[in-house]
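Heads up: the structure comes next, in structure tokens.
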Amino acid sequence: MATKCKDYNFLEIEPHWQSFWDNNHSFRAERGTSKPKYYVLDMFPYPSGAGLHIGHPEGYTATDIVARYKRAKGFNVLHPMGWDAFGLPAEQHAVKTGTHPASNTQNNIVNFKRQIKALGFSYDWDREIDTTDPKYFRWTQWIFLQLFKRGLAYVDERPVWWCPELRTVLANEEVIDGKSEVGGFPVERRNLRQWVLRITAYAERLLADLKDVDWPDSTKRMQEAWIGRSEGAEVLFDLENRSLGQLRIFTTRPDTLFGCTYMVIAPEHPLVDALTVPAQKAAVEAYRKKAAGKSDLERTDLAKEKSGVFSGSYALNPVNGARVPIWVADYVLMGYGTGAIMAVPAHDERDYEFAQQYELPIVQVIEAAAGETKLPYVGDGRVINSGTYNGLPWPEAKKRITSDLATKGVGQPTVNYKLRDWLFSRQRYWGEPFPVVWVSETDYRRVAGRRRDDVPGEPVTFTSDGVTHFALPLPAAALPLELPDVQSYLPSGNGESPLANETTWLEIWFNAETGAAVPASQPRPAGEAWVRGRRETNTMPQWAGSCWYYLRFTDPSNQAAFASPEALRYWGVPDLYVGGAEHAVLHLLYARFWHKVLFDLGQVPQAEPFSKLFHQGIILGEDGEKMSKSRGNVVNPDAIIASHGTDTLRLYLMFLGPLEAMKPWNPNGIEGVHRFLQKVWRECLDREGAVNPKITADPAADSAELIRLLHETIKKVGEDIEGLRLNTAISQMMIFANALQKSPTVSRTTVLAFIQVLAPFAPHITEELWERLGQTGSILAAPWPQFDAAKLVADMVKLVFQVNGKHRGDQQVPVGLSEADAVKIAYENPKVAPFVAGKALKRVVYVPGRILNIVVG
RNA sequence: GCCCAGGUGGUGGAAUUGGUAGACACGCAGGUCUCAGAAGCCUGUGCCUAACAGCAUCCGGGUUCGAGUCCCGGCUUGGGCACCA
């Protein structure tokens with residue numbers, strides 16, 4: 001039932017249709033249908049206390065238009081929404097107020113949901129998910145257990161930001177210029193026990209499979225760069241002091257081995273002490289201390305100035321036996337390759353700079369083709385000063401030298417990646433607890449055997465104070481492992497999360513077979529399977545929940561699995577995934593990694609999670625700056641909905657410019673699209689709200705031109721939605737509305753078809769008009785109008801005349817005009833004639849229906 | 001420093017494979033309706049011209065009958081990476 005309002009009262013119309021959709025579950029994805037599926041997904045938001053930002057509805061409107069269009073095209077559409085609700089702000093709020101982060105999070109979700117619903121998006125709210133819901137994170141923990149048993153999770157000491165004043169670990173974004181964001185206290189790097197996921201084991205596939213996905217090139221390139229594959233060789237250099245063995249280095253340029261004039265090892269390299277001669281001991285120690293004091297940031301910040309110190313030792317070049325000095329310098333990183341390099345200053349900028357500074361020799365071994373002599377030279381060329389390899393193009397020399405080294409057993413081809421293993425733990429309360437209990441080695445040996453399928457081949461351990469602890473997973477049946485209520489959300493102070501203070505939760509008797517637990521303060525229950533354990537106090541990072549949520553949407557309430565095989569087979573992965581480019585690397589890489597692990601386990605049928613990806617651009621403030629509270633240029637969607645309605649807001653967000661572009665918010669333009677909707681309303685209904693008398697049942701009421709324009713509009717809007725060119729689709733509808741206004745009469749079918757193509761963009765007003773124009777039932781049920789290609793062709797076309805490439809006029813001409821006739825018409829055209837009169841015709845370029853260029857001399 | 005994407009009227013932006021630059025809007029000006037206003041409607045609106053012409057897509061070259069679009073060099077804005085050997 002439509003409303004009864006006389007004029008375009010969006011404040012009445014919009015809530016009316018929103019509750020209509022709600023009550024009818026209009027957007028519920030169907031089950032057991034023979035329709036083809038279409039899965040369109042938004043990156044789900046973190047429900048912040050600030051509420052919805054204008055950037056959220058931008059992407060959501062685009063996907064909503066696609067979802068509504070695809071439904072009209074006969075697809076069974078899955079268009080879900082949920083909450084990435086673990087996160088730091090809720091925890092900080094809890095620390096401040098003492099209230100449980102869950103309650104704050106739920107309040108924020110309620111607010112977010114209200115705002116999103118007010119925008120009229122066609123989400124299937126029956127499938128809403130929340131990453132903090134134990135029914136959800138049960139499966140996040142379950143997937144972690146799969147990684148764990150495959151040996152893809154381990155524990156290691158890793159440097160994290162530590163603030164001594166706040167006695168807590170800080171995230172990168174909480175550290176600003178070496179100070180804590182809160183309070184401005186100094187922070188330092190401290191090694192703490194961390195869970196790490198072995199994403200590097202998937203580096204090659206994460207790189208290779210990028211070719212199979214339809215993603216923006218820039219995003220693919222970013223991931224490629226992040227993975228950072230490079231091919232080269234590891235080479236063994238004998239040490240002059242034979243008792244020390246050999247030094248292993250990685251190089252991408254084995255062809256420049258003859259140009260190696262010194263070696264560099266990282267200050268953290270295990271051989272530093274052994275290689276340092278007594279005379280250099282003090283200098284090396286001082287240097288190493290200085291390097292350790294620098295944060296990563298400082299180390300890179302000070303990149304302009306190279307520094308290092310001579311160890312006093314020498315290595316022997318395997319290709320020519322040359323004696324090469326070994327330096328210690330922090331421009332070589334322990335974390336990449338072998339932490340040691342051969343320096344070839346003639347052909348590497350960093351080595352060149354270092355050699356200049358410490359007056360080390362420089363030997364050129366690649367000759368530029370075109371007499372280029374400036375060093376360092378990193379371009380193409382042939383090998384010189386390299387014995388029997390002289391004269392070879394360098395890629396050829398690289399192959400030969402690498403294989404010759406391999407033959408002699410002093411080298412092998414190697415591939416290295418910049419990608420590091422993923423630091424997967426946080427010293428926080430508000431995250432998924434790890435379903436792991438630490439037990440003694442004896443207990444582990446005793447019980448792990450009965451859980452052979454659940455534990456990795458190599459036990460996960462860590463050692464502290466001389467005691468080695470062994471990680472025993474909870475059985476899957478014991479999940480979820482929920483967060484205990486805590487007295488205080490303040491960090492424990494020793495680098496562990498607030499969970500470390502919850503003794504009854506933490507220190508337990510653990511039944512290794514059932515996962516049952518009782519506090520360790522109580523007597524040990526009877527039975528073989530009970531062991532003394534301590535729970536893991538770390539929690540998972542926010543990425544965990546977002547790594548697989550798109551799978552849960554296919555079957556969100558399943559209790560027996562993260563999703564059923566049938567749901568995964570039918571819905572598969574999203575056909576379209578839309579979200580900000582700020583997630584180009586981390587979220588999208590982590591999710592791909594988890595997906596591939598699940599694929600290897602036979603849990604999902606596809607190797608890639610997001611076949612087609614699109615990034616919406618950022619909407620800037622009116623002043624062209626990023627929107628921020630402090631600048632006071634934030635646009636609140638609620639205010640626009642109140643003043644102009646959500647149909648106007650949706651339309652305007654799309655009309656602002658290309659979806660992918662970064663664009664400033666322009667408050668004036670919103671009137672334009674609002675007027676357009678009012679015009680559409682007026683063309684359909686008169687001042688009393690009755691059908692506009694110009695609309696008749698007679699198909700002949702439409703001019704040929706209006707019919708042609710209608711079909712052009714149906715075609716263009718459909719194509720533009722498919723290509724996410726929503727701004728030009730709206731332009732086309734405006735053109736049609738202008739023509740509609742100028743038509744003295746129009747057929748009802750034409751108006752209805754137009755209302756239908758507008759419906760995905762402005763769903764409320766079109767529902768209203770659909771019914772007011774006499775249709776029964778929702779416009780949602782109407783199939784997308786077909787355009788008739790025959791209606792698109794005109795008999796006459798405008799032909800543009802050029803003389804010597806300059807525009808000199810145009811004229812309507814019949815379609816299929818011959819070149820000779822076209823030239824004749826042009827010569828007779830009064831605008832063209834003066835420019836060709838009395839001149840010799842040299843050439844004619846004729847593009848029928850488009851252009852005629854007459855070249856005269 | 002390296003990689004990527006942009007730069008078009010007063011403004012947001014349009015322009016198949018190279019084929020009318022400025023669609024559609026905003027703004028502005030004039031008109032119409034009105035007692036008056038608002039809304040709506042009509043006309044105009046890149047620059048320079050009285051007009052014809054001329055000049056115009058960041059700048060400079062080039063290819064072409066024809067370049068916003070292709071090539072070379074530069075400037076500039078935004079994003080990413082940053083001693084990864």
Side-chain angles (χ1 to χ4, degrees), chain A residues 7 216-226 228-230 232 249-253 256 263-264 266 299-306 329-333 335-344 347-351 353-354 416-420 581-582 584-585 615 617-618 620 624 626 651-652 655-658 660-673 675-676 678-679 682 725 727-738 741-742 798-810 831 834-835 842-847 849-856:
Chain A
D7 50 5
D217 276 344
S218 58
T219 304
K220 287 192 186 188
R221 260 188 286 264
M222 266 194 246
Q223 291 219 347
E224 274 165 22
W226 192 263
R229 182 182 200 275
S230 58
I249 61 102
F250 173 73
T251 177
T252 56
R253 295 295 299 274
T256 61
M263 320 280 295
V264 181
R299 247 169 102 154
T300 49
D301 242 24
L302 301 173
K304 310 135 216 162
E305 284 287 309
K306 294 263 181 304
D330 66 1
Y331 82 90
V332 169
L333 309 173
Y336 183 79
T338 61
I341 62 154
M342 65 169 196
V344 184
H347 305 293
D348 181 282
E349 282 173 30
R350 298 149 302 182
D351 296 345
E353 199 189 317
F354 191 83
N416 255 308
Y417 302 91
K418 287 186 206 172
L419 183 69
R420 302 296 155 79
E582 67 272 20
V585 178
H615 298 305
I618 297 169
L620 304 171
K626 241 190 182 122
L651 218 46
Y652 187 53
F655 190 61
L656 218 44
E660 68 276 18
M662 178 187 278
K663 44 207 177 279
W665 177 260
N666 177 353
N668 301 325
I670 197 149
E671 293 297 338
V673 291
R675 275 178 221 164
F676 162 69
Q678 285 177 314
K679 184 181 291 185
R682 280 198 312 271
R725 292 180 299 269
N727 52 331
T728 51
I730 294 168
S731 294
Q732 181 65 33
M733 291 188 282
M734 286 174 166
I735 291 170
F736 182 84
N738 290 341
Q741 186 179 52
K742 288 186 174 66
K798 183 150 80 173
L799 184 64
V800 170
F801 301 128
Q802 291 185 341
V803 177
N804 290 345
K806 285 206 158 150
H807 179 215
R808 295 300 180 191
D810 53 56
K831 300 267 249 184
F835 293 96
K842 282 165 71 175
R843 186 173 169 185
V844 171
V845 181
Y846 181 48
V847 183
R850 211 167 259 292
I851 205 161
L852 175 74
N853 188 10
I854 297 166
V855 184
V856 293

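Scope of the values below: all heavy atoms of this structure, side chains included, with no hydrogens, waters or symmetry mates. Chain A is the first sequence line, chain B the second, and so forth, proteins listed ahead of strands; every chain is numbered from 1.
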Could you check whether [X] gets within reach of a base, just the sugar-phosphate, or nothing at all, counting any heavy atom under 4.0 Å?
X	answer
A/Glu660	nothing
A/Asp351	nothing
A/Lys742	sugar-phosphate

Do any side-chain nitrogens or oxygens of [X] fall under 4.0 Å of OP1 or OP2 in [N]?
X	N	value
A/Gln732	B/C24	no
A/Asn738	B/A25	yes
A/Lys806	B/A67	no
A/Lys679	B/A39	no

Would you mind reading off the distance between [X] atom [atom1] and [N] atom [atom2], rounded to a whole angstrom?
X	N	atom1	atom2	value
A/Tyr331	B/A82	OH	C1'	16 Å
A/Lys842	B/U64	NZ	P	14 Å
A/Arg675	B/C24	CZ	P	15 Å
A/Lys626	B/G78	NZ	P	11 Å
A/Leu419	B/C81	CG	P	14 Å
A/Glu224	B/C2	CD	C1'	15 Å
A/Phe736	B/A25	CZ	P	14 Å
A/Ile854	B/C65	CD1	P	16 Å

### Message
Under a 3.5 Å cutoff, is there a donor and acceptor pairing between the side chains of A/Asn853 and A/Tyr846?
### Response
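No, because no side-chain N or O of A/Asn853 sits under 3.5 Å from a partner of the opposite role on A/Tyr846.
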### Query
Of the non-hydrogen atoms in A/Met733 and A/Phe676, which two are nearest, and what is the gap between them?
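A/Met733 and A/Phe676 have their closest heavy atoms at O-CE1, 3.6 Å.
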#### Entry: Heavy-atom closest contact (A/Val803 atom, A/Phe835 atom, distance)
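Looking at all heavy atoms of both residues, the shortest contact is CG1-O, 4.0 Å.
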Go ahead and name the base partner of [N]; Watson-Crick or wobble counts if both distances stay under 3.5 Å, otherwise write none.
N	value
B/U69	none
B/A50	none
B/A85	none
B/C28	B/G44
B/A38	none

### Query
Is the CD atom of A/Glu349 crowded by more than 12 outside heavy atoms at less than 6.0 Å?
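Not buried by this count: 12 neighbours or fewer within 6.0 Å.
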### Row check, A/Phe801 ring normal vs A/Arg808 NZ/CZ: under 6.0 Å, within 45°
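Pair A/Arg808/A/Phe801 does not count as cation-pi.
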### Query
On the ring face of A/Phe354, is A/Lys306 found with NZ or CZ under 6.0 Å from the centre and within 45° of the axis?
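Because its charged atom misses either the 6.0 Å distance or the 45° angle limit, A/Lys306 does not stack over A/Phe354.
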#### Entry: Closest-nucleotide 5' rank along RNA chain B - winner of A/Arg843 and A/Gly335
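Here A/Arg843 is the residue nearer the 5' end.
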#### Entry: RNA chain B: 5'-proximal contact among A/Ser230 and A/Met734 (nearest heavy atom)
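First, find each residue's nearest nucleotide; the 5'-ward one identifies A/Met734.
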When the [atom1] atoms of [M] and [N] are compared, how many Å lie between them, rounded to an integer?
N	M	atom1	result
B/C26	B/A21	P	25 Å
B/A25	B/G78	C1'	25 Å
B/G12	B/A23	P	15 Å
B/A15	B/U8	P	15 Å
B/U63	B/U69	P	15 Å
B/G9	B/U34	C1'	35 Å
B/U16	B/G6	P	14 Å
B/G46	B/G79	C1'	31 Å

### Query
Syn or anti for B/G10, taking syn as within 90° of 0?
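That one's anti.
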### Task
Take the angle between the ring planes of A/Tyr652 and A/Trp665 and call it parallel below 30°, perpendicular above 60°, tilted in between.
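The rings of A/Tyr652 and A/Trp665 stand perpendicular, inter-plane angle above 60°.
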### Query
What's the spacing between A/Leu419 CG and A/Arg229 CZ if we round to 0.5 Å?
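One gets 13.0 Å once the value is rounded to the nearest 0.5 Å.
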### Task
Going 5' to 3' through nucleotides 4-20 of chain B, assign each nucleotide B (protein heavy atom under 4.0 Å from a base atom), S (under 4.0 Å only from sugar-phosphate atoms) or - (no protein heavy atom that close).
S------SBSSSB--BB
### Task
Check every atom of B/A85, B/C81, B/C83 against the side chain of A/Trp226 and return the nucleotide holding the closest atom.
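Ranking B/A85, B/C81, B/C83 by closest atom to the A/Trp226 side chain puts B/C81 first.
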### Task
With sequence neighbours left out, write down each residue that passes salt bridge (Lys or Arg N to Asp or Glu O under 4.0 Å) with A/Arg675, or none if nothing qualifies.
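Checked A/Arg675 against salt bridge (Lys or Arg N to Asp or Glu O under 4.0 Å); zero matches.
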#### Entry: Within-4.5 Å side-chain heavy-atom neighbours: A/Glu353 and A/Tyr331
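They are not in side-chain contact.
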